[in-house]
Structure formats: structure tokens, C-alpha cells
Number of protein chains: 2
Amino acid sequence: MAAKKAGGTAVGGPDTGAQRAVEVNLIAVLVAVTGGEPRLMTLDGGKALPSGPFELEHRSLQSGLRDWVEQQTHHPLGYVEQLYTFADRDRAEGVALGRVISISYLGLTREDAARPSGDSWRSWYDYFPWEDWRSGRPPVVDAVILPALNAFANLAATEAVAAQRRQRIALAFGLAGNEWNEELTLQRYELLFEAGLVAEAVRGGGEGGAVLPGREMIADHRRILATGIARLRAKIKYRPVVFELMPPAFTLLQLQRCVEALGGRLVHKQNFRRLVEQQELVEETGETAAELPGRPAKLFRFRPAVELERSIAGTKLPLIRT
Amino acid sequence: MAAKKAGGTAVGGPDTGAQRAVEVNLIAVLVAVTGGEPRLMTLDGGKALPSGPFELEHRSLQSGLRDWVEQQTHHPLGYVEQLYTFADRDRAEGVALGRVISISYLGLTREDAARPSGDSWRSWYDYFPWEDWRSGRPPVVDAVILPALNAFANLAATEAVAAQRRQRIALAFGLAGNEWNEELTLQRYELLFEAGLVAEAVRGGGEGGAVLPGREMIADHRRILATGIARLRAKIKYRPVVFELMPPAFTLLQLQRCVEALGGRLVHKQNFRRLVEQQELVEETGETAAELPGRPAKLFRFRPAVELERSIAGTKLPLIRT
DNA sequence: ATGGGCAATACTCATTCTGAGCATAAGACG
DNA sequence: CGTCTTATGCTCAGAATGAGTATTGCCCAT
């Protein structure tokens with residue numbers, strides 16, 4: 001390795017020939033919401049996310065990702081944002097001293113009815129049944145998860161560690177005065193992973209304890225999915241990203257169902273409308289839709305300007321007015 | 001180097017000779033706040049951020065980063081979070097067909113008076129003078145930036161592009177009914193870059209137009225810094241990260257000055273206190289500090305529990321109470 | 001054509017948050 | 001003892017929220 005002087009000289013000096021078998025992988029969490037369910041593009045019978053190596057032909061990371069996803073799923077990629085980058089020593093099985101860098105992305109689209117993508121779209125709650133609170137607290141939480149997590153906490157070597165685990169459990173699952181926070185998807189998955197309650201954790205020959213319901217994925221794809229869900233759940237609250245998931249015209253109820261699907265919880269209808277309208281995110285198209293029983297609903301579209309405007313709203317500090 | 005098939009199965013192929021010299025670089029935006037100024041750890045006379053290649057010995061990306069930063073700056077790294085990963089084709093000057101993946105991190109510490117780190121700590125406003133609104137709207141905005149950006153907008157090939165540019169300018173710099181939004185540091189930098197108003201943009205033999213005040217950096221380090229500033233400015237509003245920047249005990253005014261330094265704007269004192277206190281982020285130590293003229297201020301410390309509790313607060317949807 | 005069923009919309013109301021100030025308290029200093 | 005300076009307290013109006021109640025339209029079955 002070239003002895004590299006701090007920062008100054010050209011980043012990446014001469015390669016001295018040390019075998020630097022770094023491989024860069026691109027992975028996509030591609031989400032759509034159809035029929036009130038948040039869906040995920042999967043491959044390999046639902047066991048994998050679309051992914052592929054970053055190659056020299058690719059103009060950029062994003063375009064590399066687009067190439068792979070479109071090639072593997074025949075589905076165009078709309079809005080894309082980077083999620084996280086991580087490195088693992090041993091993910092590639094055959095390669096000796098390799099290193100894999102995985103760069104993950106979140107993509108949002110509309111599921112295209114015209115384009116048959118096989119059975120590759122699946123509800124993300126297939127993978128995380130405990131994340132769907134739309135019909136109330138999922139039974140699996142009390143029946144299986146919490147008892148198992150408590151056992152995990154009690155198994156800790158020291159009481160300090162046990163207490164810390166209980167804290168984490170209480171926060172992640174809304175116990176002891178804490179509320180359920182839908183944004184903690186990743187923390188919950190990691191807790192369950194550490195406790196050996198998901199298949200991925202016991203794969204490498206662990207204790208093989210009781211494993212929760214919820215589909216398994218290869219490598220750490222399920223963790224990446226959890227990262228994507230958490231990011232999206234946080235983001236819909238301050239950026240109008242739902243846009244990307246909705247058809248050009250929609251009723252407010254459809255919009256609400258979409259938000260509920262993503263968040264995994266129900267929202268107050270009247271207040272939701274008030275919120276949407278006062279933020280001026282949408283405007284009436286003039287049409288109405290009457291597919292459901294009941295009074296027909298007005299159709300809305302997103303205000304074109306919004307994409308730029310609102311999107312950059314930012315939150316608040318107690319500023320001084322000058 | 002192995003050619004890898006999509007989706008995880010590693011297929012060891014012969015090295016075809018295609019030079020896949022992927023190099024992975026770790027870069028740190030290391031921030032501290034001292035004397036009411038947000039400071040940045042730099043190297044190479046302030047032209048570079050601490051960085052170094054990710055190597056096989058490193059246990060993880062983060063530990064690799066820590067190694068480099070501690071080696072280059074002799075300063076320990078506290079809180080760390082990943083910022084962004086990007087790839088460039090041509091960053092390495094000498095290497096033929098190389099690719100550089102840069103993974104950037106934001107780190108927060110306290111500047112250690114005991115440990116002399118040379119002149120390596122610099123105010124981040126040295127690099128972005130237009131980002132500091134604490135003493136009012138910086139003169140450079142009206143005197144230089146806006147005229148130059150307007151010229152840039154007018155130079156657009158089509159009126160559509162020109163209009164779009166004006167929109168971006170108005171949003172980024174708080175014109176036409178928009179407020180100044182301190183979180184848009186990156187967007188502003190990119191706008192200025194595109195307009196050829198920062199040194200980095202004209203380096204490769206551009207028009208060499210008038211360049212703004214503000215220190216230059218190598219490669220895209222300044223862009224990375226802008227990313228870090230934007231992230232931190234956004235984050236202090238919903239996560240108690242200021243913690244990492246404050247000494248163990250502090251007055252509320254000191255805390256306020258720290259937040260103001262980061263945000264680049266002044267906050268309303270009484271309301272700031274109310275906010276901090278009602279969130280129960282801090283508790284009194286019992287001591288008071290009387291270094292300034294005026295009534296001595298109570299000293300506070302962060303509530304130990306906060307790190308876990310509040311930190312995972314999450315924002316709100318109009319939820320239904322069940 | 002009439003009355004129910006079902007959503008969509010419209011309003012209300014109490015509470016909590018926020019933005020802005022005014023007022024008072026406590027040391028330090030001449 | 002006034003005065004300067006910063007720390008703290010307290011007030012108040014307006015905006016934002018959480019939870020409901022009331023009305024309005026359409027379709028359908030009687």
C-alpha cells in the first residue's frame with residue numbers, strides 16, 4: 001500500500017500491487033404501494049433484493065443500479081436515494097481475501113399493471129409481520145417476540161447488560177411508557193437478530209432457537225430492507241415522497257391508505273385531510289371517483305410546484321425574527 | 001479479481017485483465033465547536049479532510065475511518081455517522097482506468113485543548129462564508145452571489161432552463177417569499193459550483209470567472225463538507241447530537257451558542273430555554289458559572305437517560321388513538 | 001320517491017405549541 | 001448606591017393538534 005500522506009496528494013496514489021480485491025455491490029430496495037399494501041420488488045423466489053456489481057461501464061453508482069434493476073426486473077426505476085454503505089469481510093464465499101462493499105438504495109415507483117413482473121412484488125410485511133399495526137397490535141408481539149426477548153435479556157452475562165437490553169426492548173417495542181414508534185424498524189430487526197430470533201441469525205450454525213414468522217432473505221438483504229422501511233417511514237413525514245408512489249390522480253382516502261400502508265398504522269382521517277390540504281400539497285383535478293359505495297370522492301393531483309418547494313421545507317428552531 | 005454474478009452467488013472468474021482498480025476511500029468531516037465557532041479538522045494547510053484508503057486490515061468501515069483519523073490527526077473520534085458514498089471515474093490522476101469509491105462520515109467531538117493539533121481546526125465558515133447568518137445577512141450574498149447567479153440563470157440555453165435555475169436560486173437563497181433555510185448548504189454549494197463561482201469548479205480549465213470568497217479544498221472535499229454541515233444542521237433539530245459537542249457541564253447560553261454556531265443563525269433565548277427544559281434534555285448540576293459579566297448562570301449536564309430515550313423520538317403523523 | 005347505508009366533507013372545541021415581548025433577579029463595578 | 005450585563009420568570013395572542021359531531025351526496029333496495 002502506498003504510504004499515503006494525509007489527504008493532500010491525489011487521493012489514491014500509485015497502486016503498489018497489493019491485492020486489493022475490493023468488490024462493490026449495488027442493492028436496491030424497490031418499493032411500490034398497490035392495493036393498500038407496501039410492496040417490494042424481489043428476486044429469487046422472494047429471497048433476494050435486486051442487486052449487481054458496480055462495473056467500469058457504469059457512469060455512476062446510480063446509473064449502475066438502474067441498469068441492474070431494469071435488467072433484472074424489467075421495471076424502470078423512478079425516485080432513488082442512497083441508503084447505506086457497508087462492508088463485510090466474508091460475504092463472497094469462494095473468494096479468498098475479498099472484501100465486499102455493498103451500497104444500498106431506496107427506490108420508489110408505481111407497480112405497473114401492464115408490465116408483468118411475475119410474482120416478484122411482495123408485501124414487505126411478509127418479511128416483517130410485527131411491523132404492521134394497521135389492524136391493531138400484531139399478536140406475534142405478545143405471544144412470541146416479547147417473551148423471547150425477555151429471555152434474551154435475562155441471559156445476559158451481567159445485570160448491567162441485561163438492564164441495557166431491557167431498555168432497548170422497551171424502546172423498540174413501545175413498552176414501559178414508551179409509545180410504539182414505527183420508525184424503529186431497523187432497531188427492532190437488529191434486536192431480534194442479536195437475540196437469535198430471525199433465521200438469518202441462526203444460519204451460520206447458531207443455537208437454532210425458535211424462529212419468528214416472517215420470510216427470510218439471503219445474506220443481509222433483510223437488514224437492508226429494514227433500513228429502507230425505516231428511512232421511508234421517517235421520510236414521508238417531512239418530505240412529500242408519497243408522490244412517487246401514487247398514480248397521477250387519486251382520492252384523499254387513497255393517499256391516506258398509502259401513508260398507512262407505509263407507516264403500518266392508521267391515521268385520523270379528518271386530521272389527515274386537514275394536514276394535506278393546509279400544506280397545499282395537492283389540488284383538485286375537478287373529476288370525482290366513485291368506485292366505492294358512498295359519496296363519490298374528489299380526485300386530486302400533486303401540485304407541480306411542490307416537488308421543489310415543499311420538498312425543501314426543513315424543520316424549526318426557535319429562531320429570532322430580524 | 002472475481003467477476004461476480006448478480007444477487008449474491010460468487011462466481012470466481014479469471015481476471016480478464018480489465019483493470020478493475022477499485023479503490024475505496026474513507027473521508028471524515030470531523031466537527032467540534034469551540035469558542036462559539038463550528039470547527040473542522042483539516043489537513044494539508046486546510047485544504048483537505050482527513051482521509052485514507054479502506055484496507056484489508058480494517059475490521060469495518062468505521063474502524064478503518066477511526067484508524068486513519070486518529071493516525072492523521074492524533075485526535076480520537078467520538079460519535080460517527082455515515083454521510084454519503086459516491087464514485088468518480090477520474091479522481092485519481094495517475095491511475096489509468098481506476099475507480100474511486102469515497103465513503104464519507106460525519107464525526108463529532110470536543111476540541112481538546114490539551115492535545116495540540118496544530119492549526120488544523122478551522123471554522124467551517126472559512127469555507128462557506130455565505131452560510132453564517134449570525135450577524136445578519138452576509139454582505140457577500142447580495143454583493144456577489146446573487147448577481148452572479150442571476151447572470152448564470154440568464155445564460156441558460158432555453159427560457160425553461162433559465163426559469164428552473166431561478167427557482168433553484170430562489171429556494172436555496174431564500175428569495176421570492178421563500179425563507180432562508182440553513183439546511184440547504186449542499187444545494188447552495190452545488191448551485192455555486194454549477195455556476196462556476198467556486199474555485200473547484202473552474203479548476204479543470206473552466207472560464208475562470210470571478211470566484212467567491214471562501215477557502216478552496218482538494219478534490220470534492222468541500223462538497224463533502226457541505227454535505228456534513230447540511231446533515232448536522234438538520235439533525236440537531238430532532239436528535240440530541242449537540243451532546244457530543246458540549247463539555248460535561250455547561251450553561252444554557254453556551255448550549256445556545258453551540259446550536260447557533262452550527263445553524264449559522266441566532267435563536268430566541270427565552271424560547272430556546274423553554275424548549276430545552278420542556279424536553280427534559282438537561283438537568284442542573286447545582287453549580288453556577290460566573291465568568292461573564294452579569295448574573296451567574298446555572299450549570300447543566302445532559303440527562304444520562306436521554307442518549308437512548310429522547311434520541312429515538314420520531315416525528316408525528318396524525319395518528320389515531322386506539 | 002323514499003329512506004338507509006356509506007363515505008366524503010364541513011365544522012367545533014379544548015389543548016398544546018410557538019413566537020414575541022416585558023419584567024425581575026443577581027452579581028460586578030465604579 | 002446606581003448601572004451594566006446576563007440569567008430567569010411570566011404573559012399573551014395566534015397557530016397547530018387531537019378528537020369529535022354534523023351534513024352532504026350518491027347508490028340501492030323497498
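Small disclaimer: the values here were computed from a predicted structure and weren't measured. In what follows, chains are A, B, ... by sequence order, proteins preceding strands, each numbered from 1.
Taking the six-membered ring wherever Trp is involved, the centroid distance between the rings of F250(B) and F302(B) falls below 6.0 Å.
Summarising the geometry, the separation between NE2 on H268(B) and P on dA7(D) is reported as 14 Å, rounded to the nearest angstrom. For the pair E277(A) CD and dA16(D) C1', the interatomic distance rounds to 16 Å; values are reported in whole Å. Protein atom CG of L275(B) is 15 Å distant from nucleotide atom C1' of dA20(C), rounded to whole Å. In this structure, the CG atom of N271(B) is 8 Å from the P atom of dA20(C), given to the nearest Å. Taking atom CZ of F250(B) as the reference point, atom C1' of dA7(D) lies 16 Å away to the nearest angstrom. The nearest whole Å value for the distance from the CZ atom in F272(A) to the P atom in dA16(D) is 18 Å. Atoms CD (E179(A)) and C1' (dG18(D)) sit 13 Å apart, rounded to a whole Å. The interatomic distance linking L255(A) (CG) with dA8(C) (C1') rounds to 15 Å, in whole Å.
Residue order along DNA chain C, read from the 5' end via each residue's closest nucleotide, puts R273(A) first among P293(B) and R273(A). Toward the 5′ end of DNA chain D lies the nearest nucleotide of G294(B), the other residue of the pair G294(B) and K298(B) mapping further downstream.
The side chain of R274(B) has dA20(C) as its nearest neighbour among dT9(C), dA20(C), dA26(C). Taking every side-chain heavy atom of Q278(A) into account, dT17(D) is the closest of dA19(D), dT17(D), dT18(C).
Among I229(A), D132(A), L40(A), the single residue meeting the side chain to side chain contact (heavy atoms under 4.5 Å, CB included) criterion with Y125(A) is D132(A). The salt bridge (charged side-chain N to carboxylate O under 4.0 Å, His left out) test with E182(A) is passed by exactly one of R188(A), R134(A), K237(A): K237(A).
A distance of 9.0 Å separates CZ in F243(A) from CG in L255(A), rounded to the nearest 0.5 Å.
Side-chain N/O atoms of K269(B) include none lying less than 4.0 angstrom from OP1 or OP2 on dT6(D). When the side-chain nitrogen and oxygen atoms of R295(B) are compared with OP1 and OP2 of dA28(C), none of them lie within a distance under 4.0 Å.
Across all strands shown, L252(B) has no heavy atoms under 4.0 Å from either base or sugar-phosphate atoms.
At a cut-off of 3.5 angstrom, counting only N and O atoms as typed in the model, there is a donor on one side and an acceptor on the other between the side-chain of Q270(A) and the base of dT21(D).
Taking every heavy atom of both residues into account, R233(A) and T185(A) meet most closely at NH1-OG1, 3.4 Å.
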